[in-house]
Amino acid sequence: MTTVTVWNEYRVEKEDDEAREVYPEGIHGAIADFLEDEEFDVQTATIDDPEHGLTEETLNETDVLTWWGHEAHEEVADEVVERVRQQVLSGMGLVVLHSGHFSKIFKRLMGTTCDLKWRNEAERERIWTVEPGHPIAEGVPESIEVPEAEMYGERFDVPAPDTLVFTSWFEGGEVFRSGCCYRRGAGRIFYFRPGHETYPIYHQSEIQQVVTNAVEWAENVNSTSPSFGNVPEPPEEG
Ligand code: ZN
């Protein structure tokens, strides 16, 4: 069974009435809820847990980590970020959501600023599936309409994704690479844009489908680890 750790900063839902109304159990609660329905083994962790809930033991048993953060990225300890990074390089999947684009872990894994344009005016967003044959697009319609969203616009300062699965259009005219696949070491990383705290986006079934597919895709199914370093003898011929 796939073990998923749903990580959430869990600050804005405590501070902001609007956010609390949309996500009374926190964003992690909403995400854990629909992932549990898919029969994943789900646990949650937040920034205020000891070691942010990301101890060595927790990470060792995690197949896929999902990450939502917003205003406290800088409070995440570098030691924990490095621990997560090592785990990704050795095969743990990572699904980074919405404002997680500015998390230390995502920036470190991308090596770029991960900056973008934004505007929070409850605009309509249409997310187009541009790679319909991809596992993350399975069962996802040609386009998903989000009635009210925060706009993220290009340029999104990330490396060109290995595969771009979704592209967003916004009412104001901007576009954005909304579903980006990467590989770092043995780990698979997916960035998925939707999910502002004051809109019920994670309650939307098509969005839940994408996150669920992303978790399945990001799980490392390759159990052989590469060996590194000096190899004294050439391999014997067949
Ligand atoms: Zn937001």
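For ligands, and for the atoms within them, numbers begin at 1 and follow the listed sequence.
Taking 4.5 Å as the limit, some side-chain heavy atom of Val22 sits within range of a side-chain heavy atom of His203.
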Kindly list each side-chain donor-acceptor pair under 3.5 angstrom involving residues 180-190, sequence neighbours excluded, with atom names and distances?
residue	atom	partner	partner atom	Å
Tyr182	OH	Pro159	O	2.7
Arg184	NE	Leu109	O	2.7
Arg188	NH1	Trp217	O	2.8

Name each donor-acceptor pair under 3.5 Å that joins a side chain in residues 138-149 to protein atoms two or more places apart or in another chain, with its distance.
residue	atom	partner	partner atom	Å
Ser143	OG	Arg126	NH1	2.9
Glu145	OE1	Arg126	NH2	2.6

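Looking at every heavy atom in both residues, Glu51 comes nearest to Arg83 through OE1-NH1, 2.8 Å.
Remark: His101 pairs with Tyr152 by the ring-ring contact (aromatic ring centres under 6.0 Å, His included) rule, at least two apart or across chains.
Follow the hydrophobic side-chain contacts under 4.5 Å out from Ile105 and you never reach Val6; the two are in separate clusters.
Protein nitrogen, oxygen and sulfur atoms, that is N, O or S, within less than 2.8 Å of the Zn ion (ligand 1) amount to 3.
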